[in-house]
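Comments concern the structure below.
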Amino acid sequence: MNYNGHDIKVVWVDLDDTIIDFTANARASLTIMYDNEPLLRQLYPSEALWAETYERHNMTLWAKYNVGIIKRDFLRMERFRLPLTEAGLPDAEARTVSKRFDTLYLDLLARQKRLVPRAMELLTVLRTKKVTIGVLSNGFREVQFRKIDSAGLTPYIDTVVLSDDIGINKPDTRIFIHAMKRTADADPTHHLLIGDNLQTDISGAINAGWSAIWLNRTTVTAPSPACPDTAVEVHNLYDIIPLLIL
Ligand SMILES: [Mg+2]
């Protein structure tokens, strides 16, 4: 398949908020937790405040996790411990509850099915082309395969490479090299990544010598950070299809 003058053999997609609507699925999971956990209703007067507090801490922790400042187990403890202690729960109890919430939340998340608009159409078109389709994700092993399955994506995905496999996250070039090894194609010009995160996905792919398409889901009126010259920016997954030539 030709893309932008390159002979693409492998199309990699980021999973969360590129194919799977992680933001909506995560929010739905947090809402279910609030409805089912009396403790959360004691600590937080509204579901919105609970979800916003969790999301604020989670976002900060993920920014540190993506660049390797903190480890996954620390992130998974802190993203629930911090909202619990912030609302007044004693630390020891918050740690115990955080472990239970971690299991509960990841299980709820794995059951959600919402996709990013036009994701299925893009994957259906890619499936008709002579390319390998891979997932390249910083998400956790316990849930990424279940999420792919719940969302009905299994028939469209040939290979899944997770940062969890080697303990190295995007944008580190080593995970892109690991992904090329997995597909037995070490020529970076044969690889294209589609992702929503300018730092982890787009910079990472460009630095590895891959082609990159940035899915910018923010509205056109909002100022967005500059997309690198070597990457292409789209606002809708369907806009990628005309760029791919069989
Ligand atoms: Mg993403």
Side-chain angles (χ1 to χ4, degrees), residues 10-30 54-68 70 72 75-76 79 105-106 109-110 112-120 122-123 126 133-151 153 156-157 159-166 168-173 175-176 178-179 191-208 210-219 222 224-225 227-228 231-240:
V10 187
V11 176
W12 296 95
V13 292
D14 166 60
L15 196 63
D16 289 322
D17 284 332
T18 297
I19 298 296
I20 286 177
D21 192 342
F22 174 82
T23 302
N25 290 342
R27 185 58 184 255
S29 303
L30 292 169
Y54 168 87
E55 283 162 359
R56 170 164 50 83
H57 287 297
N58 186 51
M59 197 186 301
T60 306
L61 289 160
W62 266 95
K64 291 179 181 169
Y65 177 70
N66 281 333
V67 292
I70 59 170
R72 68 197 287 276
L75 179 150
R76 288 170 62 170
R79 65 181 175 176
Y105 171 73
L106 291 180
L109 191 59
Q112 306 300 314
K113 303 175 192 304
R114 295 168 196 79
L115 293 176
V116 170
R118 321 302 288 267
M120 205 49 108
L122 174 64
L123 289 170
L126 284 173
I133 306 173
V135 161
L136 184 59
S137 166
N138 281 356
F140 303 134
R141 170 159 287 278
E142 293 95 313
V143 279
Q144 292 309 68
F145 285 98
R146 285 183 62 201
K147 280 157 65 178
I148 288 167
D149 191 46
S150 294
L153 299 174
Y156 301 92
I157 306 295
T159 187
V160 177
V161 171
L162 302 176
S163 60
D164 252 3
D165 297 342
I166 55 168
I168 292 165
N169 297 330
K170 295 180 288 184
D172 192 311
T173 303
I175 192 167
F176 294 86
H178 173 73
H191 296 259
L192 163 68
L193 178 79
I194 301 165
D196 70 298
N197 188 305
L198 267 182
Q199 183 58 32
T200 55
D201 297 321
I202 305 310
S203 293
I206 298 289
N207 287 337
W210 294 14
S211 298
I213 297 176
W214 179 37
L215 173 65
N216 176 10
R217 290 179 68 201
T218 61
T219 57
S224 61
C227 184
V232 166
E233 177 181 351
V234 296
H235 290 275
N236 187 312
L237 286 175
Y238 201 74
D239 293 339
I240 294 170

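Just so you know, ligand 1 is whichever comes first in the structure, and atom 1 is the first atom listed for that ligand. Source: prediction; values computed, not measured.
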Taking the Mg ion (ligand 1) as the reference point, name the nearest N/O/S atom of [X].
{"X": "D14", "value": "OD2"}
{"X": "D16", "value": "O"}
{"X": "D196", "value": "OD1"}

Quiz item: Using 30° and 60° as the class limits, which term best fits the ring planes of W12 and W210: parallel, tilted or perpendicular?
Solution: parallel

Practice problem: To the nearest 0.5 angstrom, please state how far the CG atom of L106 sits from the NZ atom of K147. | Solution: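 Atom-to-atom, L106:CG and K147:NZ are 8.5 Å apart.
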
Exercise. Might you point out which heavy atoms bring A26 and Y105 nearest each other, and give the distance in Å?
Key: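 For A26 and Y105, the tightest heavy-atom pair comes out as CB-OH, 3.4 Å.
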
Quiz prompt | Heavy-atom pair with the smallest gap, counting every atom of K113 and N25 | solution = N-OD1, 4.1 Å

Exercise. Answer yes or no for D201: is there an N/O/S atom below the 2.8 Å cut-off from the Mg ion (ligand 1)?
Key: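 So D201 does not count as coordinating the Mg ion (ligand 1).
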
Quiz prompt | Metal check, the Mg ion (ligand 1) vs D17 N/O/S, cut-off below 2.8 Å | solution = no

Quiz prompt | Backbone N/O of A208 and side chain of T173: donor-acceptor pair under 3.5 Å | solution =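 No.
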
